[in-house]
Amino acid sequence: MKILTLILLAAGLADAEIPLEEVSLDRPGLTLHATLYQPAGARDLVVIHAGSGPTDRHGNQPSMHNDSLKLLAEGLAERGVAVLAVDKRGVGQSVMPTDERALRPSVFIADLVAWAEWAGARNPDWPVHLLGHSEGALFAKAAAGRADAASVISLAGAGRPIGVVLREQTEGKRPGKIGEDFERILSSLEAGQQVAEIPPMFNALFRPSIQPYLIEWLAMDPAALAADLETPLLVIGGGTDIQAGRADFNALGHQATRAEWIDGMNHVLKAVEGDITAQLPSYTNPDLPLHPALVPLLAEWIERIGNPGRE
């Protein structure tokens, strides 16, 4: 077991050692890996699932190092909440021998359910909360019923189907034939039909090897999943989030047990104002702290939902 010394931020508290354990979970075809933060006296555990693309347990990608989820895990651990930060399949230490054609949202959801079951078996007295960031918020909502979660936390998650979001994000940036090709491909995928011929400029977004994933993803409605939840749901949005905005927050918030809008928090959970030009440096700055309102809000929710009536 590794030991990480974390300096507690609250005034008057001494240094604390938070035990860290590298853990693994065997799944069909591969072994998944995660870090388990185990502060003394913990009474709840939060499973953190990262967002889309090659985002690892710390919130980082090969070209984007900001430590957002690492800071989040450490912040919760400092407040006495156990955290299981997972590398999803194909990312970080959870190397995957198969190609991306085998990936589906349903596969990630099943992995998350398996991690929640592992956590529940490891510490049966700990309520298990599922926290998903960005795309991970969609998976957390979908996994909640099967995972017997104490609560679901949707952090900077989309509230509308991804097809709606993609059209909105590219509005005014796909003129003429570019727009026609974009709409033709996206509409076909929404109808469940793969597209064999993809113009080179769309290869990163629509290449054939990820189309099975996209078809399943496009069919998912985050707000409908939220409405069907029987589990308490906390929805958190950020006022300077350039990826999941107010419309997404509102769509989810109407279905939530509690919805909190944090002014000045961006998509990587940092306190940053301004447009995309001002935002981008925060995506690659691990030294920039999280927005100060985030961890206290999460800790209060977890304590209230996971431990009602406890003193």
Side-chain angles (χ1 to χ4, degrees), residues 47-55 59 61 64 66 68-69 72 88 91 103-109 112 130-144 149 151-171 173-174 182-183 185-187 189-190 204-206 210-211 213-229 231 233-263 265-270 272 276 279 282-283 291 294 298:
V47 183
I48 297 180
H49 195 292
S52 61
T55 308
Q61 296 185 8
M64 188 186 74
N66 58 66
S68 56
L69 299 184
L72 182 61
K88 61 186 181 182
V91 176
L103 292 178
R104 304 285 191 283
S106 56
V107 174
F108 287 121
I109 293 163
L112 181 54
L130 302 182
L131 187 156
H133 175 251
S134 194
E135 184 189 44
L138 178 70
F139 299 159
K141 287 189 281 291
S151 80
V152 175
I153 300 166
S154 173
L155 183 55
R160 300 164 295 163
I162 191 60
V164 175
V165 176
L166 287 174
R167 288 184 175 92
E168 182 179 278
Q169 290 179 344
T170 59
E171 184 67 32
K173 302 175 183 177
R174 38 187 168 89
F182 176 89
E183 186 57 39
I185 297 167
L186 184 56
S187 295
L189 295 174
E190 287 176 322
L205 183 59
F206 295 131
I210 63 168
Q211 288 184 21
Y213 185 97
L214 291 172
I215 286 172
E216 190 174 297
W217 190 20
L218 286 160
M220 300 177 75
D221 184 341
L225 286 172
D228 289 340
L229 278 177
T231 304
L233 171 64
L234 171 63
V235 172
I236 300 176
T240 55
D241 191 331
I242 56 176
Q243 294 175 251
R246 189 80 199 206
D248 294 292
F249 173 80
N250 289 342
L252 292 176
H254 292 312
Q255 315 297 338
T257 309
R258 180 178 176 184
E260 295 288 346
W261 183 254
I262 300 179
D263 287 327
M265 187 178 77
N266 74 353
H267 195 68
V268 292
L269 315 179
K270 309 295 182 77
V272 182
I276 188 170
Q279 294 280 331
S282 69
Y283 282 68
H291 193 289
L294 178 59
L298 290 170

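Sequential numbering from 1 along the given sequence is applied to the chain's residues.
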## Note on the structure
Contacts of Ser151 meeting side-chain contact (heavy atoms from CB on, under 4.5 Å) (sequence neighbours excluded), chain-then-number -> His129, Ile153, Pro232, Trp301, Ile305

#### Entry: Listed partners of Phe139 passing ring-ring contact (aromatic ring centres under 6.0 Å, His included), at least two apart
His49, Phe108

### Query
Which residues pass the ring-ring contact (aromatic ring centres under 6.0 Å, His included) test with Tyr283, sequence neighbours left out?
none

#### Entry: Sequence-distant partners of Ala143, side-chain contact (heavy atoms from CB on, under 4.5 Å), two or more places apart
Ile109, Leu112, Val113, Leu130

### Task
Could you pull out all residues at least two apart from Glu183 that satisfy salt bridge (Lys or Arg N to Asp or Glu O under 4.0 Å)?
Arg167

## Note on the structure
For Asp263, the side-chain contact (heavy atoms from CB on, under 4.5 Å) test, sequence neighbours excluded, returns Trp261

### Test side-chain hydrogen bond (donor to acceptor under 3.5 Å, both in side chains) applied to His267 - qualifying residues, sequence neighbours left out
Ser134, Asp241

### Task
Not counting sequence neighbours, which residues clear salt bridge (Lys or Arg N to Asp or Glu O under 4.0 Å) with Arg258? List them please.
Glu260, Glu300

### Task
Please check if the side chain of Lys141 supplies one atom and the backbone of Asp228 the other of a donor-acceptor pair under 3.5 Å.
no

### Query
Mind checking what makes side-chain hydrogen bond (donor to acceptor under 3.5 Å, both in side chains) contact with Arg104, not counting sequence neighbours?
none

### Query
Between the side chain of Thr240 and the main-chain N/O of Met265, is any donor-acceptor distance below 3.5 Å?
yes

### Query
Out of Glu168, Gln169, Arg174, which residue meets the side chain to side chain contact (heavy atoms under 4.5 Å, CB included) rule with Glu171?
Arg174

### Query
What pairs with Ile215 under side-chain contact (heavy atoms from CB on, under 4.5 Å), at least two apart in sequence or on another chain?
Leu189, Gln194

### Task
Output all residues satisfying side-chain hydrogen bond (donor to acceptor under 3.5 Å, both in side chains) with Ser106, sequence neighbours left out; order by chain, then residue number.
Glu216

#### Entry: For Gln211, side-chain hydrogen bond (donor to acceptor under 3.5 Å, both in side chains) partners two or more places apart
none

